[in-house]
Amino acid sequence: MGKMDFESGLEALFEPRNVAVIGASGHTDKLGYTLAKNVLDYGFGGELFLINPKGGQAFGREILPSIREAGAVDLALISVPAANVPGVVEECGASGVRAAVVLSSGFAETGDSRLQSELSARAAGYGLRLLGPNCMGVYNLSFKFNGTYFWELPRRRGKISFVSQSGAMGGLFFQKVRERNLGVSKFVSVGNMVDITHAEVVSYLAGDRDTDVIGLFVEGIPEGRRFLAQVSRASRLKPVVLLKVGRTAAGQRAAQSHTGSLVGATEVLKAACEEIGVHWASNSEEFFDMLTALGSNATYPMRQNSLGIITISGGPGVLSSDLAEEQGINVPKL
């Protein structure tokens, strides 16, 4: 387990003692069915409550009409139409739910900032920690908890955790770790970040004993100074690899329509990240290469600033020598 942190709500997000799926369904074509099935299939050891005003049954369990009937709940996974989310969050707050994940879309990313502001205000009024909206959820393999819409996720445990502002990038991450035979610890899709931010999750993971390397996919940064302070503290404890998109005018327009993000000057961010020791990736291939190198069990720290290169062909040897010296690494004559 990671550090106990129920006051901030992030422990309830990653290691809930019980979970409520709001919008659960027995119909296989519904996302609420997928969400509940994932929680069950991945071996979650706590109590699971299925919630839907329509009632009924699913997975051999009774579906409760309201979260109020579930008693004290650590984490609510909310998968209902956007218009209904503020009311559901209100019920969660009044019922003492510690944290909620809003997987529903239809908020600021579609231009509806009013609905998103209402959602944020209701959660804040109860001190309810909120992930999302417009996200894919949270996955904690070391806790056997899949609170996402993703199915058939990698089950090889490792020390790499990934925090993403994009849900679909989570799918790419899982594809890459499977291709490269890497182990996973945690995945978090933060979505529109009405409350819990990517930097706050990174800060939490810095103290997590099951995480050695943190990957971070960023579209926009709402509070630059706070972001850098939190990521800086994390990078002093373990490697943080950052991939920033929205670097061009076209990318900025796309980010605005995707998660409602405002993006800043990339060169300033890049310089700041280099100053605080964050590993800056220029593209997705470089990003996953860095995670592979830093997260591999076969990776060892260099005792000296020198590198010996052995290769079956001269060309790759020359290329490796160039790259090493350009990074300030000595390549001795063998």
Side-chain angles (χ1 to χ4, degrees), residues 159-166 169-170 172-173 176-177 180 182 185-188 190 193 197-208 211-252 254-256 258-259 261-296 299-307 309 319-331:
K159 297 287 190 174
I160 299 175
S161 291
F162 181 42
V163 185
S164 180
Q165 204 167 345
S166 161
M169 276 299 295
L172 180 59
F173 168 73
K176 292 296 183 181
V177 297
R180 299 177 182 220
L182 301 174
S185 178
K186 296 173 178 65
F187 162 74
V188 183
V190 296
M193 300 191 300
T197 67
H198 36 35
E200 185 178 2
V201 177
V202 168
S203 182
Y204 173 89
L205 293 173
D208 174 44
T211 297
D212 283 351
V213 181
I214 303 168
L216 175 58
F217 179 86
V218 172
E219 295 181 11
I221 300 171
E223 299 178 58
R225 290 184 183 276
R226 186 179 182 188
F227 172 88
L228 290 172
Q230 290 175 311
V231 174
S232 176
R233 287 194 296 271
S235 68
R236 289 195 291 268
L237 297 173
K238 54 192 64 172
V240 177
V241 182
L242 186 146
L243 177 59
K244 172 71 170 67
V245 296
R247 300 187 297 269
T248 65
Q252 291 176 17
Q256 176 67 29
H258 181 213
T259 55
S261 299
L262 296 176
V263 293
T266 299
E267 291 306 315
V268 173
L269 177 62
K270 181 179 180 181
C273 285
E274 290 174 350
E275 180 70 22
I276 62 178
V278 170
H279 299 272
W280 180 275
S282 300
N283 52 58
S284 60
E285 182 178 2
E286 190 171 275
F287 178 74
F288 289 111
D289 283 347
M290 287 181 175
L291 289 181
T292 300
L294 294 166
S296 171
T299 300
Y300 301 95
M302 295 177 66
R303 293 186 174 88
Q304 299 177 3
N305 190 37
S306 61
L307 178 70
I309 299 171
L319 176 61
S320 300
S321 299
D322 284 342
L323 290 172
E325 289 215 348
E326 287 170 354
Q327 296 297 320
I329 300 172
N330 178 46
V331 182

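Scope of the values below: all heavy atoms of this structure, side chains included, with no hydrogens, waters or symmetry mates.
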For a quick test of your reading: what N or O donor-acceptor pairs under 3.5 Å do the side chains of residues 224-239 make, sequence neighbours left out?
residue, atom, partner, partner atom, Å
Ser232, OG, Arg236, NH1, 3.1
Ser235, OG, Val231, O, 3.4
Ser235, OG, Ser232, O, 2.9
Ser235, OG, Ile276, O, 2.8
Lys238, NZ, Leu205, O, 3.1
Lys238, NZ, Ala206, O, 3.2
Lys238, NZ, Asp208, O, 3.0
Lys238, NZ, Thr211, O, 2.6

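Two residues are said to be in side-chain contact when any heavy atoms from C-beta on lie closer than 4.5 Å; Leu269 and Trp280 meet this criterion. Contact annotation: the side chain of Val218 never approaches that of Val245 to less than 4.5 Å [non-hydrogen atoms, C-beta and beyond]. Here the side chains of Ser284 and Leu243 are in contact, with some heavy-atom distance below 4.5 Å. With contacts defined as side-chain heavy-atom distances shorter than 4.5 Å, the pair Leu294/His279 qualifies.
For Ser320, the side-chain contact (heavy atoms from CB on, under 4.5 Å) partners at least two apart in sequence or on another chain are Ile309. For the side-chain contact (heavy atoms from CB on, under 4.5 Å) test, residues two or more places apart in sequence or in another chain that qualify with Glu285 are Asn283, Asp289. Under the ring pair (Phe, Tyr, Trp, His ring centres under 6.0 Å) criterion, Phe173 pairs with Phe162, sequence neighbours left out.
Interatomic distance, CD of Glu223 versus CD of Glu200, reported as 10.5 Å (0.5 Å rounding). Here CG of Asn305 is found 6.0 Å from CD1 of Ile329. Values are rounded to the nearest 0.5 Å. Ser161 contributes atom OG, which lies 12.0 Å from atom CG of Leu216 (distance to the nearest 0.5 angstrom). The CG atom of Leu291 lies 8.0 Å from the CG atom of Leu182; values are rounded to the nearest 0.5 Å. Taking CD from Gln327 and CG from Asp322, the interatomic distance works out to 11.5 Å, rounded to the nearest 0.5 Å. Here the NZ-CZ distance, from Lys244 to Phe287, works out to 13.5 Å after rounding to the nearest 0.5 Å.
Across all non-hydrogen atoms, the minimal contact from Ala281 to Val241 is CB-CG1, 4.5 Å. Heavy-atom minimum distance, Ser166 versus Phe217: CB-CE2, 3.5 Å.
Under the 3.5 Å distance criterion, the side-chain polar atoms of Glu286 are matched with a main-chain donor or acceptor of Ser282. For Ser185 (side chain) and Lys159 (main-chain N/O), no donor-acceptor pair under 3.5 Å exists by modelled atom type. With hydrogens and angles disregarded, a donor-acceptor distance shorter than 3.5 Å links the side chain of Gln165 to the backbone of Glu219. A donor-acceptor pair is defined here as one N or O able to donate and one able to accept, closer than 3.5 Å; no such pair exists between the side chain of Asn330 and the backbone of Leu307. No donor-acceptor pair under 3.5 Å is formed between the side chain of Ser203 and the backbone N or O of Ala199. Of the possible donor and acceptor atoms, one in the side chain of His198 sits under 3.5 Å from a partner among the backbone N and O of Gly220.
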